[in-house]
There are 2 protein chains.
Amino acid sequence: MTIHTEPYSKTLKQGYSIRTGLAARMRAGNLILRRHEHLIHAGDTVRSPYLVVSGVFKSTINYENGDSQVLGFHVPGDVLGHEILLDALSGRDVVALDTSSVRRLDHLDSDTRCLLIESMCNESRRLTRQLHLERKYSTDARLAAFLIDYSDSQARRGYSRYEFILPMGRRDLSGYLGLAPETLSRGLSRLRDHDILMVSTNHLKILDPERLRNVSGMVTDEARLTC
Amino acid sequence: MTIHTEPYSKTLKQGYSIRTGLAARMRAGNLILRRHEHLIHAGDTVRSPYLVVSGVFKSTINYENGDSQVLGFHVPGDVLGHEILLDALSGRDVVALDTSSVRRLDHLDSDTRCLLIESMCNESRRLTRQLHLERKYSTDARLAAFLIDYSDSQARRGYSRYEFILPMGRRDLSGYLGLAPETLSRGLSRLRDHDILMVSTNHLKILDPERLRNVSGMVTDEARLTC
DNA sequence: CGCCCCCTTGAGCCGTGTCAACTAATGTGG
DNA sequence: CCACATTAGTTGACACGGCTCAAGGGGGCG
């Protein structure tokens, strides 16, 4: 089952100003959201699933005490809104990190249901993996693993595997990886100092994929970055 | 939708020695498994979902490097085998921690499917919560949270809320909570020293539910156990 | 141009993992 | 049923990774 998604495009900025229930615009049947706009609010009843067509979203869960955690980033091809399989009640915010568009999946046919189940299963797998990473692997390993994942995802969507923009801020990324922002920053600096990456705020270039992979996989070996 | 499950019973020890594909016995249409017997092996193709009728199971995922993590404990009423919703391929072991029985759910009717989706969703929620707990809360808080959960689960099934047997060993529990066995042991000792628990290997008694709840929820408050 | 926020870097502390020794429990074979 | 062997749990000492607090750049947006 393949799904067509447009490549990332900055030309979607202007859209009709038809307001749906959300603060969103439409174009070519897709919902357009700008940076920081919510696709879903925690507590919302999800009315239908969405297919991410372009851009990036993050989903977060918020706790009473004020702290929130980043559960995932969603890129074109991802399906959102599996809450509809059960009570349709979303416990999380889904926010655009940049100008992004989604396609509403109106008909909850069996293919769509299957996609939703699959996406839920993937999320479960991701959480399991994340738990494992956070329990057993260092900051650098987790960071490297994330960069490799993201790199792969870029490649799969037809972009450069070794040079790309990180669409999320440090705070979001550190939250996703289960780190303090300072720790993430230090990790990036370490990888930079070892000539594995070039990094400036958003722009990222992988200089030494080989060693990056080593860092991601090994905890006890020489792969650990001394200092 | 309610499902009838028998209370935990030690009278199921002897069963017919009819061997199914697994090393298991049958009684009254239920599969009986003894301590350490696998209901599902990692890599197995799950043939049908199971409803836990009595006893306890743990499910674990195993990694190449030899380390494994405990993903969950399953008590009567829980449904296993949601893998069947997708590729039916299990990535985990499901093992009986004690003499236990399950009912095979042959007909994958819509009710069963719904149960499976629900169970998957619950697992996802649990993982999210666990991630949050491990990121933000101390050993004692996590341990207290677990004990409260387990206590509630006991109460829901008609047993004492304040005195029960922990069916899993320290190693399994520490794995589940994301702790080293030694750290778990220290946590238990601390709760014991503060007269919140009585604990001897398996047997556990909650002496001060009030303070236990405090420990579970607060990190920065006086609830933290000094020493 | 200047404010603000994000990111980076430094210093110090604390919790938890690790290693090691000891004790308690469990199981096994005679 | 006992003696022994093996595993599980507890406790202590110690090291170190990552969080916190604090201060110093840098870039974007009004």
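We use all heavy atoms of the structure for the numbers below, so side chains are in, but hydrogens, waters and symmetry mates are not. The shown structure was predicted, so the numbers you read here are calculated from the model rather than taken from an experiment. Chain naming here is simple, since letters A, B, ... match the order of the sequence lines and numbering starts at 1 in each.
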Should the pair [X] and [Y] be assigned to parallel (<30°), tilted (30 to 60°) or perpendicular (>60°) ring geometry?
X: A:F73; Y: A:Y176; result: tilted
X: A:Y150; Y: A:F164; result: tilted
X: B:Y63; Y: A:H132; result: parallel

Compute whether any side-chain donor of one residue and acceptor of the other, for B:R157 and B:S153, lie under 3.5 angstrom apart. yes
Checking contacts here: which listed nucleotide (C:dG17, C:dA20, D:dG18) is nearest the side-chain heavy atoms of B:A180?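 From the listed options, C:dG17 comes nearest.
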What's the closest nucleotide to the B:R186 side chain, out of D:dG18, D:dG12, D:dA22?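 When the side chain of B:R186 is considered, D:dG12 is the closest of D:dG18, D:dG12, D:dA22.
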Touch class at under 4.0 angstrom, heavy-atom based, for A:L179 against every strand present: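 Since only primed, P, OP1 and OP2 atoms lie under 4.0 Å of A:L179, the category is sugar-phosphate.
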Looking across every strand, which nucleic acid part, if any, lies under 4.0 Å from A:R171 by heavy atom: base, sugar-phosphate, or nothing? sugar-phosphate
Is [X] close enough to [N] that one of its side-chain N or O atoms is under 4.0 Å from OP1 or OP2 there?
X: B:R192; N: D:dT11; result: yes
X: B:S189; N: D:dT10; result: no
X: B:S185; N: D:dT10; result: yes

In whole angstrom, what separates [X]'s [atom1] from [N]'s [atom2]?
X: B:H203; N: D:dG9; atom1: NE2; atom2: P; result: 17 Å
X: A:L173; N: C:dC6; atom1: CG; atom2: C1'; result: 14 Å
X: A:D140; N: D:dC16; atom1: CG; atom2: P; result: 16 Å
X: B:R190; N: D:dT10; atom1: CZ; atom2: C1'; result: 13 Å
X: A:I165; N: D:dG27; atom1: CD1; atom2: C1'; result: 15 Å
X: A:N202; N: C:dT8; atom1: CG; atom2: P; result: 10 Å

Given that A:R142 and A:E182 both sit by DNA chain D, which one's nearest nucleotide is further toward the 5' end?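 In this pair, the answer is A:R142.
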